[in-house]
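Notes follow once the structure below has been shown.
Residue numbers begin at 1 in each chain, while the letters A, B, ... track the order of the sequences. Since the structure is predicted, the reported quantities are computational estimates derived from the model, not experimental observations.
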Amino acid sequence: MSNDPRQILVTSALPYANGSIHLGHLVEYIQTDIWVRYQRMQGHEAIYVCADDAHGTPIMLRAQQEGITPEALIERTGHEHRADFADFQIAFDNYHSTHSPENRALAETIYHRLNEAGHIHRRTIKQAYDPIKEMFLPDRFIKGECPRCGAADQYGDSCEVCGATYAPTELKNAVSAISGATPIEKESEHYFFALGDFEAMLRKWTRGEHTQSEIANKLDEWFETGLQDWDISRDAPYFGFEIPDAPGKYFYVWLDAPIGYMASFKHYCDTHPWLDFDAWWGKDSKHELYHFIGKDIAYFHTLFWPAMLHGSDFRTPTAVFCHGFLTVNGQKMSKSRGTFITARAYLQHLNPAYLRYYYAAKLGNGIEDIDLNLEDFLQRVNSDLVGKVVNIASRCAGFINKKYDGRLSDTVADPGLFDTFAAAREPIAALFENREYSHAVREIMALADQANQYIDAHKPWVLAKQAGKEQEVQDVCSVGLNLFRVLVTYLKPILPMLAEESEQFLNIEPLRWEDAATALTAHTINTFKPLMTRVEKDHIDAMVEASRENLQPAPDTGAPAATACNIEPVAEMIEFDDFARVDLRIARIVKAEHVKGADKLLQLTLDIGTETRNVFAGIKSAYAPEDLEGKLTVMVVNLQPRKMRFGVSEGMVLAAGPGGKDLWILHPDDGAEPGMRIK
RNA sequence: GGCGAGGUAGCUCAGCCGGUUAGAGCGCAGCACUCAUAAUGCUGAGGUCGGGAGUUCAAGUCUCCCCCUCGCUACCA
């Protein structure tokens with residue numbers, strides 16, 4: 001493994017400055033960090049940069065909601081993010097912000113170059129506009145009734161009840177989620193990036209082993225669909241960078257976000273003058289550039305981003321590495337289940353090393369999702385790390401410290417076994433290099449088993465009681481500690497803190513990968529202190545409990561739930577006959593149950609006197625099934641049955657409220673009976 | 001609906017180009033040991049490899065159909 005030092009620039013995706021880092025984010029940062037630390041241990045120059053993604057409508061609105069400036073918001077979030085990452089030992093060389101002078105300059109440069117080369121087009125488009133807020137509305141900020149199934153409170157792009165997709169303008173009774181006003185259509189000139197100009201280049205690039213095969217497949221699909229122009233401008237008011245010579249037009253947040261990688265590196269160069277920005281980002285750069293991202297943003301990183309770079313005379317990435325999503329206990333992270341766990345909530349209860357190890361033990365180089373099974377997490381960490389690895393040091397150190405003054409033997413008593421351990425550094429290195437961490441961990445733990453078997457076979461505690469066996473005891477324990485040292489070397493990218501404390505214990509310089517090749521002999525170590533304690537079930541439970549949200553879920557992304565106090569305007573007048581067409585009845589909820597796979601639905605069985613109806617109602621967020629059973633409510637009985645994903649809904653129950661927890665179904669006064677018509 | 005990934009022991013996962021009685025770790029049971037953070041070692045139980053059909057001398061491993069899970073997507077990036 002004595003290759004020439006490589007120059008490697010590595011990035012993780014930029015977290016959005018609108019929310020906290022959570023366990024899902026950390027999959028990526030831990031994955032990247034392990035890779036970077038591994039490269040550094042190999043003696044390569046690996047520079048790891050990241051930044052907060054600070055622009056866009058959600059940030060602007062969130063700041064307004066809190067009554068602060070966007071700058072203040074992103075400043076605060078930036079501090080929070082940095083602290084979270086630092087505590088998880090994510091070893092960024094530089095952590096910057098997309099709202100920075102470097103990013104502005106680079107975004108402008110790239111834009112100018114693309115524009116001069118004719119890759120920017122201008123076109124007037126129609127968009128929904130909030131006349132009160134005086135701003136254009138992104139799809140997610142328009143709510144209304146689904147044009148297909150009539151479900152209320154749907155976003156402007158798609159219906160979460162029936163799955164229909166549509167333009168925001170098709171939404172019925174649409175309102176701005178920001179002001180509650182009815183959006184109007186308004187024209188505006190937008191700027192587009194002609195992605196199609198780069199099809200040939202992109203086809204070549206994506207075939208060149210710059211992406212995983214799964215992503216390459218996906219790209220083929222996108223090529224077949226055809227590459228569309230990309231809308232890269234947004235109208236004021238917008239928190240971002242104004243487009244040069246285009247007053248009132250701003251770069252779309254996704255335009256300057258990846259440029260943030262460059263900006264962060266540029267900022268780093270300014271304090272590290274021996275680094276030449278152009279040598280890393282220039283068109284003919286020989287250095288390596290890697291982006292670690294989630295599979296959800298592959299489109300941006302494997303199409304837009306290389307095209308933008310290529311079109312503006314910068315280098316393209318060496319590779320883009322995608323990973324899957326995180327599930328907790330086999331399900332999507334959920335606030336009500338307490339599995340939506342922020343980095344900070346985790347840190348308040350558990351050691352970050354546990355999570356780093358567990359993720360490593362599950363991460364491969366594919367794009368499969370990984371599951372954090374909390375029960376498995378506890379057992380795995382305890383038995384592997386505490387029971388196997390740390391135990392090796394623990395069971396040997398006592399003898400060496402007490403009987404031999406901390407002195408290791410002059411020779412390696414079992415060179416064959418040590419060589420087995422040392423020789424593993426090459427295959428394990430290859431696994432780290434290829435991001436096959438789970439495989440690497442398996443190999444390392446297999447070695448740990450061998451080490452324990454060795455100690456068990458030689459039984460120093462028995463020898464210690466026999467006169468004349470002093471040398472053997474020292475030898476066996478010295479071998480054990482040497483094996484431990486090799487294991488720690490291999491685990492160091494994953495567990496830097498454990499490595500550091502072990503280096504202190506072993507009284508050695510920071511371990512490099514090649515140190516695994518040679519043994520420590522005739523060397524004095526320090527007293528052993530427990531290097532890692534067990535995961536306590538109580539702590540996991542406490543973390544989950546603390547993360548469980550019983551109250552109103554906080555608006556974490558997208559549209560703020562600021563509509564609660566907004567009263568919809570009165571709809572247009574109708575005749576009595578129009579109303580009479582709607583057949584409303586008193587119904588008794590005889591059964592209410594969860595719908596497997598549905599996020600928002602409850603399945604209700606309603607007695608309307610003459611028959612029972614099966615109705616799916618989007619009220620799961622507000623009601624538990626058991627609270628509904630037996631109650632009377634009001635339903636529309638002559639609504640066309642609707643085939644839904646989970647079955648046919650034969651009517652609808654009436655409810656009011658903005659959604660989420662704030663949803664209330666109607667109850668008649670005492671005395672009403674199922675089947676009675678409401679008129 | 002389309003596409004992608006997946007469905008292998010209780011749990012988490014390996015199984016490359018098809019080839020002997022299907023593996024690992026954890027968990028479980030028994031035994032041993034007591035140096036070690038009740039850690040470790042040995043032994044064992046436990047799987048018709050989602051279901052069905054096919055190709056083959058031979059199929060978790062290839063083909064087709066079906067079922068289930070997850071994700072993306074549905075003119076949106």
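For residues 430-446 of chain A, the salt bridge (charged side-chain N to carboxylate O under 4.0 Å, His left out) pairs, not counting sequence neighbours, are Arg6(A)-Glu433(A).
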(request) Go through His291(A) and Phe321(A) one step at a time and tell me if the ring-ring contact (aromatic ring centres under 6.0 Å, His included) criterion holds. (result) CA-CA 6 Å; His291(A) 301 301; Phe321(A) 298 137; 9.7 Å; no

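Ring geometry for His119(A) against Phe198(A) counts as tilted: the plane angle lies between 30° and 60°, on a 0 to 90° scale. Under the 30°/60° scheme for interplanar angles, the aromatic rings of Tyr299(A) and Phe304(A) are found to stand perpendicular. Ring orientation note: the planes of Trp230(A) and Phe193(A) are nearly perpendicular, at an angle over 60° on the 30°/60° scale. Ring geometry, Tyr346(A) versus Phe377(A): the interplanar angle exceeds 60°, so the pair is classed perpendicular (tilted spans 30 to 60°).
Looking at the side chain of Asn391(A), the nearest of the listed nucleotides A14(B), A77(B), U40(B) is U40(B). Nearest to the side chain of Phe325(A), among C35(B), A77(B), G71(B), sits G71(B). Among the nucleotides A36(B), A39(B), G41(B), the one closest to any side-chain atom of Asn452(A) is G41(B). The listed nucleotides are C70(B), U34(B), A77(B); the one nearest the side chain of Trp461(A) is U34(B). Closest approach to the Lys465(A) side chain among C11(B), U37(B), C35(B) is made by C35(B) (side chain taken as heavy atoms from C-beta onward). Closest to the Trp230(A) side chain, of the nucleotides A77(B), C35(B), U12(B), is A77(B).
No engagement by Val462(A) is indicated, since no non-hydrogen atom pair under 4.0 Å with the nucleic acid exists. Nucleic acid contact for Phe377(A): none, since no nucleic acid atom lies under 4.0 Å from a heavy atom of the residue. Residue contacts for Gly387(A): at a heavy-atom cut-off of 4.0 Å it reaches the sugar-phosphate backbone alone, with no base atom in range. Looking at heavy-atom distances under 4.0 Å, Pro530(A) makes contact with a base.
Arg534(A) has a side-chain polar atom (N or O) that falls below the 4.0 Å cut-off from OP1 or OP2 of A39(B).
Taking atom C1' on both U20(B) and A36(B), the two are 41 Å apart, rounded to the nearest angstrom. Atom name C1', nucleotides G6(B) and G60(B): the rounded distance is 13 Å, in whole Å. The gap from the C1' atom of U56(B) to that of U61(B) amounts to 13 Å, rounded to the nearest Å. Taking atom C1' in both A14(B) and G47(B), the straight-line distance is 15 Å, to the nearest Å.
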Extract from the structure each pairing of a protein N or O with an N or O of nucleotides 26-32 of chain B at less than 3.5 Å, listing the distance.
unit_1 : atom_1 : unit_2    : atom_2 : d
C26(B) : O2'    : Gln379(A) : OE1    : 3.1

Show each protein N/O and nucleotides 2-9 of chain B N/O combination with a separation under 3.5 Å, one pair to a line.
unit_1 : atom_1 : unit_2    : atom_2 : d
C3(B)  : O2'    : Glu221(A) : OE1    : 2.3

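Side-chain N/O atoms of Lys126(A) and Ser188(A) include no donor and acceptor closer than 3.5 Å. Between the side chains of Asp376(A) and Tyr358(A), at least one donor N or O lies within less than 3.5 Å of an accepting N or O.
Considering only residues two or more places apart in sequence or on other chains, Arg356(A) meets the salt bridge (charged side-chain N to carboxylate O under 4.0 Å, His left out) condition with Asp33(A). Listed by chain and residue number, Arg123(A) satisfy the salt bridge (charged side-chain N to carboxylate O under 4.0 Å, His left out) test with Asp229(A) (two or more places apart in sequence, or in another chain).
A salt bridge between Lys402(A) and Asp405(A) is absent, with no side-chain N of the basic residue lying under 4.0 Å from a carboxylate O of the acidic one. With respect to Asp449(A) and Lys388(A), a salt bridge is recorded, a charged nitrogen being found less than 4.0 Å from a carboxylate O.
Atoms CG (Asp296(A)) and P (G71(B)) sit 12 Å apart, rounded to a whole Å.
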(request) Convert the base pairs of RNA chain B into dot-bracket notation, remembering that pairs crossing earlier ones are written with [ ] and that bases paired across to another strand are shown as |; include only Watson-Crick or G-U pairs under 3.5 Å. (result) (((((((..((((.....[...)))).(((((.......))))).....(((((..]....))))))))))))....

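Between the side-chain ring of Tyr299(A) and the base of A77(B), a stacking contact exists by the 5.5 Å and 30° definition.
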